[in-house]
Amino acid sequence: MMRSLYSGVSGLQNHQTRMDVIGNNISNVNTNGFKRGRVTFQDMISQQMSGAARPTDELGGVNPKDVGLGMTVAAIDNIFTQGNLQSTGVSTDVAIQGNGFFVLKSGDESFYTRNGAFSLDRDGTLVNPANGMRVQGWMADEVNGEMIISTAASPEDLIIPVGSKDPAKATTNINFSCNLDKTTPEILQGASDSDIRNGTWGTTHEIYDSFGNEHELAISFSRVAGTTNQWRAVVNVDADNADYTQTRVGLGTTDGESNVFIVTFDNTGALQSVTDSAGNVTNPSGEIVLQASYTVPESNNYENGNPYRQTFNINLGTIGSWENTITQSAAKSTTKAYYQDGYKMGYLENFKIDSNGVITGVYTNGTNRAIGQIAMATFTNDRGLEKAGDNTFVETNNSGMARIGESGIAGRGSLMAGALEMSNVDLSEQLTDMIVTQRGFQSNAKTIQTADTLLETVLSLKR
């Protein structure tokens with residue numbers, strides 16, 4: 001009789017535990033990145049009244065007789081199903097679509113979370129503003145003028161230096177892709193100003209010196225008299241100040257004899273060769289790159305006091321090619337420069353995060369640079385993680401070690417900036433579980449009440 005009392009007590013206690021978990025789930029229905037808990041029960045050890053007996057020649061077998069001693073909690077699991085994504089429009093909010101966790105640091109201790117509601121502190125460090133834990137990832141390093149992110153290195157704090165300077169960069173390469181109209185008239189000796197204008201096609205494009213000053217590069221093309229496939233090109237940096245800038249162009253040298261070169265096309269209109277003013281001719285194949293130089297106004301060479309000469313390359317394209325190359329065809333002239341790599345000084349004005357977690361800085365000078373990349377962690381058994389408060393988890397002996405890498409690789413999910421993952425708590429499911437739990441609790445209470453009535457009947461036998 002006493003066994004039924006204790007069985008009922010175990011039912012009350014463990015259904016109360018289940019109710020506690022349900023209550024926690026419901027209270028976190030609007031907690032970003034929250035993963036609901038689930039309680040499963042199992043029966044407790046049973047008391048054996050008699051054992052089993054095998055069949056004999058005279059009698060059949062006998063089953064064992066066991067009396068259960070109640071129930072207990074088998075497990076309280078974290079259910080890591082995907083929560084819905086909610087757009088916030090905040091650039092530092094990041095949601096995970098798929099498996100994985102963000103990695104946070106508090107001192108030397110690592111924490112893991114699905115809550116991507118991040119922000120910047122006063123030093124530009126990407127943190128969880130609720131507790132100050134620092135988001136981990138990899139910072140970009142400049143290698144040969146390019147920003148490289150090494151995800152093989154150990155994760156570190158991510159710092160986004162908003163307002164930092166991006167130093168000016170001189171133009172070192174400018175590429176042309178165009179067509180010169182084969183029907184353009186030749187410029188003959190003694191031609192009028194009108195004929196000269198009609199027979200010349202020019203283009204301009206901005207370039208920059210090492211101080212960040214902007215200059216205008218002008219190249220004019222005109223048909224060479226008496227030829228069908230040759231054009232004379234004149235190069236000037238800041239044409240209105242040409243006497244000072246003294247632009248020079250050459251093949252294999254930045255100190256050409258003049259600012260003129262000759263472009264030759266084959267009979268199909270493809271680029272064939274270039275000849276500079278010193279008579280140097282390009283190789284029969286490959287890219288055609290001219291080296292140019294000019295004097296930078298208001299500058300001095302600190303070694304000898306002379307004005308500073310800036311150099312850059314003019315890429316006209318590949319011989320025999322029609323892709324991103326100067327050509328000659330009976331169509332409207334469209335000479336233009338489509339790329340130059342210089343820029344003036346700028347400030348980091350904004351940043352954006354892509355699906356791989358790469359943080360790209362947007363500068364006021366129009367350049368975009370990789371700043372860093374957010375790290376993600378996965379576990380062999382994510383249900384083995386232990387809750388550490390603040391919507392975070394820590395690894396345990398049964399979760400396995402954190403496997404940290406970039407998103408979208410080795411089973412890690414993708415990232416979405418400007419959004420947050422909502423709780424995966426389903427209210428209708430939780431309220432249904434609440435009803436079932438309540439009925440289980442009531443039933444166990446009735447077991448205790450009934451056992452008490454039986455005890456009272458026994459006690460009343462002796463009056």
Side-chain angles (χ1 to χ4, degrees), residues 32-33 85 88-143 146-167 346-364 367-379 388 390-395 401-410 412-421:
N32 295 323
L85 303 186
T88 64
V90 180
S91 60
T92 52
D93 286 346
V94 187
I96 299 175
Q97 178 72 47
N99 297 325
F101 300 83
F102 297 110
V103 183
L104 305 178
K105 278 277 192 179
S106 177
D108 293 330
E109 192 172 2
S110 296
F111 296 85
Y112 307 94
T113 185
R114 294 279 296 192
N115 178 18
F118 303 137
S119 68
L120 301 181
D121 65 11
R122 70 172 189 178
D123 297 326
T125 306
L126 191 64
V127 299
N128 182 335
N131 49 34
M133 292 184 183
R134 298 178 177 180
V135 182
Q136 298 298 290
W138 304 276
M139 294 296 293
D141 295 316
E142 187 171 353
V143 179
E146 294 185 10
M147 303 304 292
I148 304 297
I149 301 174
S150 176
T151 57
S154 298
E156 58 184 325
D157 297 343
L158 289 172
I159 300 175
I160 304 174
V162 176
S164 63
K165 296 177 181 178
D166 181 27
Y347 295 88
L348 180 59
E349 184 178 38
N350 199 358
F351 62 91
K352 52 190 177 182
I353 304 173
D354 66 15
S355 60
N356 291 321
V358 176
I359 305 170
T360 302
V362 180
Y363 291 82
T364 55
T367 62
N368 293 332
R369 289 182 176 272
I371 296 175
Q373 185 172 4
I374 298 174
M376 286 184 64
T378 56
F379 297 87
D390 292 338
N391 216 6
T392 62
F393 300 88
V394 294
E395 65 181 56
M401 294 182 63
R403 295 175 296 187
I404 299 176
E406 55 187 297
S407 63
I409 297 177
R412 301 179 193 92
S414 60
L415 301 180
M416 180 179 293
L420 290 173
E421 182 186 11

Taking [X] for its side chain and [Y] for its backbone only, find out whether a donor-acceptor pair lies under 3.5 Å.
| X | Y | value |
| --- | --- | --- |
| Asn131 | Met133 | yes |
| Ser164 | Leu348 | no |
| Gln97 | Met416 | no |

Name all residues meeting the side chain to side chain contact (heavy atoms under 4.5 Å, CB included) criterion together with [X]; count only those two or more places apart in sequence or in a different chain, and write none if there are none.
| X | answer |
| --- | --- |
| Thr364 | Tyr347, Glu349 |
| Ala388 | Phe111, Thr392, Val394 |
| Ala153 | Trp138, Ser150 |

Practice task
Would you please name every residue forming a ring pair (Phe, Tyr, Trp, His ring centres under 6.0 Å) with Phe379, sequence neighbours left out?
Solution key: Phe101, Tyr112

[X] versus [Y], closest heavy-atom pair with distance:
| X | Y | result |
| --- | --- | --- |
| Ala95 | Leu85 | CB-CD2, 3.7 Å |
| Ser91 | Ala417 | O-CB, 4.4 Å |
| Ser355 | Ser407 | O-OG, 3.2 Å |
| Gln373 | Asn356 | NE2-O, 2.9 Å |
| Asn115 | Ala117 | OD1-N, 3.2 Å |
| Met376 | Arg412 | O-NE, 3.7 Å |

Handout entry: Results of side chain to side chain donor-acceptor pair (under 3.5 Å) for Arg369 - residues two or more places apart only
Key = Asp166, Tyr343

Practice task
Kindly check if the number of other-residue, nucleotide or ligand heavy atoms within 6.0 Å of CD (Glu142) is above 12?
Solution key: yes

Handout entry: Min side-chain heavy-atom separation Met139-Ile371 under 4.5 Å
Key = yes

Problem - Heavy-atom check, side chain of Ile359 versus side chain of Ile353, under 4.5 Å - result: yes

Handout entry: Residue list, salt bridge (charged side-chain N to carboxylate O under 4.0 Å, His left out) with Arg114, at least two apart or on another chain
Key = Glu421

Practice task
Mind jotting down which residue pairs meet the side-chain hydrogen bond (donor to acceptor under 3.5 Å, both in side chains) criterion with at least one end in residues 98-109? Sequence neighbours excluded, please.
Solution key: Lys105-Ser110

Filter on salt bridge (Lys or Arg N to Asp or Glu O under 4.0 Å), then keep only pairs touching [range], sequence neighbours left out; what's left?
| range | answer |
| --- | --- |
| residues 92-101 | none |
| residues 148-164 | Arg134-Asp157 |
| residues 351-363 | none |

Output a table of donor-acceptor pairs, distance under 3.5 Å, between side-chain atoms of residues 118-127 and any protein atom two or more places apart or on a different chain; print 'none' if there are none.
unit_1, atom_1, unit_2, atom_2, d
Asp121, OD1, Asp123, N, 3.0
Asp121, OD1, Gly124, N, 3.1
Asp121, OD1, Thr125, N, 2.9

Exercise for the section: Supply the atom-to-atom distance Asn128 CG to Thr92 OG1, rounded to the nearest 0.5 angstrom. Expected result: 10.5 Å

